[in-house]
Amino acid sequence: QMAGQVFPQFSRNVHVRELDVGWEHLKKRIGGIDFGGVSPTALIAMGLDAGDRAWAYGEWYKREATLDETMQAMARFQVDLGVDRWVADPAGKKEIETLRKAGFKVSPARHGNRLALRVQIMGARLNVHLAAKLPGMYVSPGCPFLIMEIETLAWKRVSLQGRTEEMMADEFERGAPDHAVDSATNVLAEYDSTSAPWKRPKPQKIYATA
């Protein structure tokens with residue numbers, strides 16, 4: 001384990017496992033999307049088994065991907081991996097609208113890009129439950145970028161002024177990729193009934209009455 005690891009509970013021996021049934025037997029098959037420009041775009045196919053354990057069983061990861069390339073990959077996921085709908089990075093409003101116009105069922109992720117909530121959602125699924133002695137999710141070996149990112153994602157280290165020790169900041173280390181992690185977390189937020197972020201209501205006009 002490395003210092004500052006965001007998900008220290010992750011272990012390849014525990015969490016990396018081949019899907020022991022066909023994806024047809026998984027329920028709530030949803031694809032996660034994290035849009036990239038210069039950074040990679042990541043698609044992750046996920047589903048729940050009979051015990052409501054999450055499985056990440058398909059991955060597409062491409063640097064500098066165009067939206068057309070992303071849509072082609074999404075279409076393949078729907079045919080080859082049985083993905084029924086998609087949950088995307090909430091910041092990609094224009095991309096989501098374009099995908100909807102192209103006929104894809106896409107909604108923004110419920111976590112609203114809140115960092116602490118995203119980490120909590122993924123971390124809770126990676127935890128091994130004491131009673132069953134099993135984690136809340138598995139990752140297929142066919143998702144190497146997701147495995148790598150979960151293993152290497154780290155908190156940013158900040159030096160304290162005038163002191164030798166460091167502390168961890170509430171942000172990820174710069175340069176540590178988290179695109180596949182974000183894509184998978186988008187889906188987990190759906191499974192775990194995360195409430196949509198609160199939005200301030202628009203002010204209402206008040207009309208004076210005689």
Side-chain angles (χ1 to χ4, degrees), residues 1-34 36 40-63 70 73-89 109-111 117-155 172-173 176-194:
Q1 293 184 351
M2 62 183 187
Q5 191 176 4
V6 176
F7 302 113
Q9 66 271 59
F10 178 80
S11 166
R12 291 196 181 213
N13 292 333
V14 174
H15 296 94
V16 180
R17 179 173 169 179
E18 289 282 6
L19 186 61
D20 49 12
V21 297
W23 58 255
E24 300 89 349
H25 297 280
L26 297 176
K27 57 186 178 180
K28 294 186 178 180
R29 296 187 298 270
I30 303 174
I33 312 172
D34 186 65
T41 293
L43 306 180
I44 300 292
M46 301 191 72
L48 296 177
D49 63 19
D52 286 333
R53 188 160 288 103
W55 289 79
Y57 66 98
E59 176 184 86
W60 183 79
Y61 197 93
K62 183 172 174 50
R63 186 174 296 277
T70 302
M74 291 169 65
R76 290 195 297 272
F77 268 48
Q78 293 184 173
V79 173
D80 299 336
L81 300 177
V83 170
D84 297 316
R85 61 187 182 92
W86 299 87
V87 185
D89 176 1
R110 292 173 177 267
H111 52 62
L117 181 55
R118 285 156 46 205
V119 171
Q120 179 183 350
I121 290 168
M122 174 65 77
R125 278 286 178 173
L126 292 173
N127 287 339
V128 175
H129 302 285
L130 296 178
K133 296 183 179 180
L134 295 172
M137 71 173 286
Y138 289 114
V139 182
S140 164
C143 300
F145 287 100
L146 178 58
I147 294 169
M148 178 273 293
E149 289 186 1
I150 295 175
E151 278 185 327
T152 61
L153 192 60
W155 295 111
F172 296 150
E173 188 66 55
D178 61 349
H179 314 289
V181 166
D182 284 346
S183 182
T185 305
N186 293 346
V187 179
L188 294 177
E190 293 289 302
Y191 292 156
D192 297 331
S193 301
T194 304

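FYI, the numbering just counts along the sequence from 1. Every value quoted in this text rests on a predicted model; they were computed, and no experiment measured them.
- Shown here for L81 and A45, the closest heavy-atom pair between the two residues is CD1-CB, 4.0 Å.
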Practice prompt. Quick one: do R118 and V181 satisfy side-chain contact (heavy atoms from CB on, under 4.5 Å)? Show the steps, please.
Written response: CA-CA 9 Å; R118 285 156 46 205; V181 166; over 6 Å; no
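- Heavy-atom minimum distance, A189 versus H111: CB-CD2, 4.2 Å.
- Counting only residues at least two apart or in different chains, salt bridge (charged side-chain N to carboxylate O under 4.0 Å, His left out) contacts with residues 136-150 are absent.
- Among all heavy-atom pairs drawn from S183 and A42, the shortest one is OG-O, 3.4 Å.
- With hydrogens and angles disregarded, no donor-acceptor distance shorter than 3.5 Å links the side chain of S140 to the backbone of A56.
- Residues V14 and P135 are in side-chain contact: their nearest non-hydrogen atoms beyond the backbone lie under 4.5 Å apart.
- Screening residues 129-145 for salt bridge (charged side-chain N to carboxylate O under 4.0 Å, His left out), with sequence neighbours left out, gives no hits.
- Considering only heavy atoms from C-beta on, I121 comes within 4.5 Å of D192 through its side chain.
- Side-chain atoms of Y191 come within 3.5 Å of backbone N or O of K28 as a donor-acceptor pair.
- Closest non-hydrogen pair, V87 versus A109, comes out as CG1-CA, 3.4 Å.
- Contacts of Y138 classified as ring-ring contact (aromatic ring centres under 6.0 Å, His included), with partners at least two apart in sequence or in another chain: W55.
- No side-chain heavy atom of H25 sits less than 4.5 Å from a side-chain heavy atom of L19.
- For residues 44-56, the salt bridge (charged side-chain N to carboxylate O under 4.0 Å, His left out) pairs, not counting sequence neighbours, are K27-D52.
- The CD1 atom of I30 sits 7.5 Å away from the CG atom of L48 when rounded to the nearest 0.5 Å.
- By the 4.5 Å heavy-atom criterion applied to side chains, F10 and V16 are counted as neighbours.
- How far OH of Y57 is from CG of L146: 14.0 Å, rounded to the nearest 0.5 Å.
- With rounding to the nearest 0.5 angstrom, the CD atom of E59 is 6.5 Å from the CZ atom of F145.
- Atom-to-atom distance recorded for M122:CE and N127:CG is 12.0 Å, nearest 0.5 angstrom.
- The distance from the OG1 atom of T70 to the CD1 atom of I33 is 8.0 Å, given to the nearest 0.5 Å.
- Here the shortest heavy-atom pairing between G82 and R29 reads O-NE, 2.7 Å.
- Q78 is listed as a side-chain neighbour of W86, based on a closest heavy-atom distance under 4.5 Å.
- The list of salt bridge (charged side-chain N to carboxylate O under 4.0 Å, His left out) pairs with a residue in residues 8-21, not counting sequence neighbours, reads R12-E151, R17-D20.
- Annotation: salt bridge (Lys or Arg N to Asp or Glu O under 4.0 Å) contacts of R85 (sequence neighbours excluded): E190.
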Practice prompt. Mind running side-chain contact (heavy atoms from CB on, under 4.5 Å) on I44 and V187 for me, showing each step along the way?
Written response: CA-CA 9 Å; I44 300 292; V187 179; 5.9 Å; no
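- Taking each heavy atom of F7 and G123 in turn, the nearest pair found is CE2-N, 3.7 Å.
- Here CE of M137 is found 5.5 Å from CG of L126. Values are rounded to the nearest 0.5 Å.
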